[in-house]
Novice: 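This is the structure, below, for whatever I ask next.
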Number of protein chains: 2
Amino acid sequence: MTTTSPQGRTELLRPDGSPVRVLVVDDEQSITELLSMALRYEGWQIRSAGDGHGAVQTARDFRPDAVVLDMMLPDMDGLSVLGRLRRDLPDVPVLFLTAKDAVEDRIAGLTAGGDDYVTKPFSLEEVVARLRGLIRRSGAADRRSDSVLVVGDLTLDEDSHEVTRGGDGIHLTATEFELLRFLMRNPRRVLSKAQILDRVWSYDFGGQANVVELYISYLRRKIDAGREPMIHTRRGAGYLIKPAVS
Amino acid sequence: MTTTSPQGRTELLRPDGSPVRVLVVDDEQSITELLSMALRYEGWQIRSAGDGHGAVQTARDFRPDAVVLDMMLPDMDGLSVLGRLRRDLPDVPVLFLTAKDAVEDRIAGLTAGGDDYVTKPFSLEEVVARLRGLIRRSGAADRRSDSVLVVGDLTLDEDSHEVTRGGDGIHLTATEFELLRFLMRNPRRVLSKAQILDRVWSYDFGGQANVVELYISYLRRKIDAGREPMIHTRRGAGYLIKPAVS
DNA sequence: CGCGTTTCTCAGAGAAATCACAGCTTGGGG
DNA sequence: CCCCAAGCTGTGATTTCTCTGAGAAACGCG
């Protein structure tokens, strides 16, 4: 089931109308806090744990609809945690967090069962999007909710990563895609550069805030080129996207 | 929930009808006083603290619906305070105050959970507006309250920053927008130039008082141009806005 | 390892917004 | 009806913000 919040955002709900529950497991507190904050803002109910034992225990009575699991925990390795989680909750989808340089083939096997993973450092948009996908596909939330965002004649498919405007396919790079997704998930709302940076770029990004300007510029070339513009600047406030005709 | 006060102002209330509670944390007493005064005037219940420990303690039993938090406190850094606040009040939205030049220096992740920030020196209108936005979106206040101010055929959307009169879109600069918002939040009420200056311009503004006249003039060109005027001068007293037909 | 692609920094051009100043207009008290 | 204070607005200097080209560095893939 999906409902539309007053902000115009669509949120996932479980079939019985209660909020989706997500368990976040990471030993770095800054990470669990960051994730908890962002995921709560999605309207989900969050619990967090700092190690494998805590995770298994919490999962037992919290019965989450999805788990975010760091593969590198102090007390047990990710696979053991996964095994024990699955004993209690056989169908819960898991989003793994792994270091960039971690052995990819081990993860590959794990994700075969419908799970997914993101590498650290991640961007919140990425984590949220993948979690939404996992939950949607797991059937914990209404399956009718689909993965295509539409604003005016612009469409973005979160599953296939396909973007079209007026029917024409548009190729975007990964960053461009995430930026556009964030804009399209908040249509007609002014988003500040800080918000965009916090959401679309990795949490450890230490660079210049004008990357946002730069990527907006790239997006405009691809999305708005020669058409009625959909991406607008609110000087001193931020950017927003809205249907062209308005 | 929203109600309309006798003066014609719309104020946020909590679902149970009690006033919204806000905790203000800053080490400069002049700032906490300035803010407390302005926020009380919104009909909110205010407590203030001068350091991190005080903030955490006060938050514990005051249980605010929102927190205004200076990032630069004498006893602990902003992030620690945030962490402890969140332990007790996981969902409370936070409005950060930061120095202008510190902006680049890691606001990272702060706006990610739906929080927001303003840079010092700020204008009271800005703080109030952002707090209202945070509270509205956090669900502490009734979600029916929306973000559009309406006076006669003039509308102002605080989310999209869109302004229309009689259906026609009107482009305003940042300062014009804030001035109009202040007027529209106080329709049919005379606002003195001093009030406007205190409210719409930053607290350290040292310029000529006639900027207000200047910006009223700009607004009239855009809002009233060729139409029945809505912005009126009360010579010697100030300005007011009201529906054209009266 | 090499090549095409993507990400990001830097810096300059340009546009827009803000504000001071000054001269002009208006309203109303005497 | 005159005059002055209060208010209005044109001009232009200055500051601030945004856009974008060029190129360096990092990445991904064969």
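Sequence lines set the chain letters: A, B, ... in the order given, protein chains first and strands last, and positions in each chain run from 1.
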Novice: Side-chain donor-acceptor pair under 3.5 Å between B/Thr111 and A/Asp198, yes or no?
Specialist: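 Note: B/Thr111 and A/Asp198 side chains meet the donor-acceptor criterion.
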Novice: Determine whether A/Arg199 and A/Glu178 satisfy the following criterion, salt bridge (charged side-chain N to carboxylate O under 4.0 Å, His left out), listing intermediate values before the conclusion.
Specialist: CA-CA 9 Å; A/Arg199 194 75 192 192; A/Glu178 291 217 345; over 6 Å; no
Novice: Go through the side-chain N and O atoms of A/Thr155 and A/Thr164 and say whether any donor and acceptor fall under 3.5 Å apart.
Specialist: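 Judged by distance alone, the side chains do pair up.
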Novice: Is the CD atom of A/Glu126 crowded by more than 12 outside heavy atoms at less than 6.0 Å?
Specialist: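 Counting neighbours around CD of A/Glu126, more than 12 heavy atoms of other residues, nucleotides or ligands fall under 6.0 Å, so yes.
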Novice: Once rounded to the nearest 0.5 Å, what's the spacing between atom CE of A/Met230 and atom CG of A/Leu180?
Specialist: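 Those atoms lie 8.5 Å apart.
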Novice: For the pair made of CZ in B/Phe205 and C1' in C/dA17, what is the distance, rounded to whole Å?
Specialist: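 Whole-Å distance recorded here is 13 Å.
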Novice: Applying ring-ring contact (aromatic ring centres under 6.0 Å, His included), which residue pairs with at least one partner in residues 207-240 of chain A are found, sequence neighbours left out?
Specialist: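 For residues 207-240 of chain A: A/Trp201-A/Tyr215, A/Tyr215-A/Tyr218.
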Novice: Let me have a per-nucleotide readout for nucleotides 21-30 of chain C, 5' to 3', with B, S or -, counting only protein heavy atoms under 4.0 Å.
Specialist: BB---BB---
Novice: Tell me the interatomic distance from B/Asp204, atom CG, to C/dC19, atom P, rounded to whole angstroms.
Specialist: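 Rounding to the nearest Å, CG of B/Asp204 and P of C/dC19 are 11 Å apart.
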Novice: Would you jot down, in residue-number order, the residues of residues 217-231 of chain B having a non-hydrogen atom under 4.0 Å from DNA chain C?
Specialist: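 When residues 217-231 of chain B is checked for heavy atoms under 4.0 Å from DNA chain C, the hits, listed by number, are B/Tyr218.
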Novice: Let me confirm one number: the CG-CZ distance from A/Leu95 to A/Phe122, rounded to the nearest 0.5 Å.
Specialist: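 Going from the CG atom of A/Leu95 to the CZ atom of A/Phe122 covers 9.0 Å.
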Novice: Between B/Arg220 and B/Thr233, is any side-chain donor less than 3.5 angstrom from a side-chain acceptor?
Specialist: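 Yes, B/Thr233 and B/Arg220 have a side-chain donor paired with an acceptor closer than 3.5 Å.
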Novice: Kindly say whether A/Arg165 contributes a backbone atom to a donor-acceptor pair with the side chain of A/Asp153 at under 3.5 angstrom?
Specialist: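 It does not hold such a pair.
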Novice: Could you check whether A/Ser147 and A/Arg137, counting side-chain N and O atoms only, form a donor-acceptor pair closer than 3.5 Å?
Specialist: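 The answer is no; no qualifying pair exists.
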Novice: Can you tell me how far CE of B/Met184 sits from CD1 of B/Ile241, rounded to the nearest 0.5 angstrom?
Specialist: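 With rounding to 0.5 Å, CD1 (B/Ile241) is 6.0 Å from CE (B/Met184).
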Novice: Heavy atoms, side chains only, cut-off 4.5 Å: are A/Thr32 and A/Ile46 in contact?
Specialist: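 When only atoms from C-beta onward are counted, A/Ile46 and A/Thr32 do not touch, as no gap falls below 4.5 Å.
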Novice: Taking five pairs at each end, how big is the angle between the two axes of the helix from C/dC1-D/dG30 to C/dG30-D/dC1, to 10°?
Specialist: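 For the helix from C/dC1-D/dG30 to C/dG30-D/dC1, the axes at opposite ends meet at about 30°.
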Novice: Spell out, as yes or no, whether a donor-acceptor pair under 3.5 Å connects the side chain of B/Asp157 to the backbone of B/Ser160.
Specialist: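 The answer is yes, because a donor-acceptor pair under 3.5 Å joins these two groups.
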Novice: For DNA chain D, what residues of residues 171-180 of chain B have any heavy atom nearer than 4.0 Å?
Specialist: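 Contacts with DNA chain D under 4.0 Å: none.
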Novice: Would one find a side-chain N or O of B/Trp201 under 4.0 angstrom from OP1 or OP2 of C/dC19?
Specialist: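 Result: yes.
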Novice: Could you measure the distance from the CG atom of B/Leu154 to the CG atom of B/Asp168? Nearest 0.5 Å is fine.
Specialist: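 Between B/Leu154 CG and B/Asp168 CG, I get 11.5 Å after rounding to 0.5 Å.
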Novice: Quick check for you: name the first and last nucleotides of DNA chain D, 5' to 3', having an atom under 4.0 Å from a heavy atom of chain A.
Specialist: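 That gives a stretch of D/dT16 to D/dG21.
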Novice: Do side-chain atoms of B/Asn186 reach the backbone of B/Phe182 as a donor and acceptor pair under 3.5 angstrom?
Specialist: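 The answer is yes, because a donor-acceptor pair under 3.5 Å joins these two groups.
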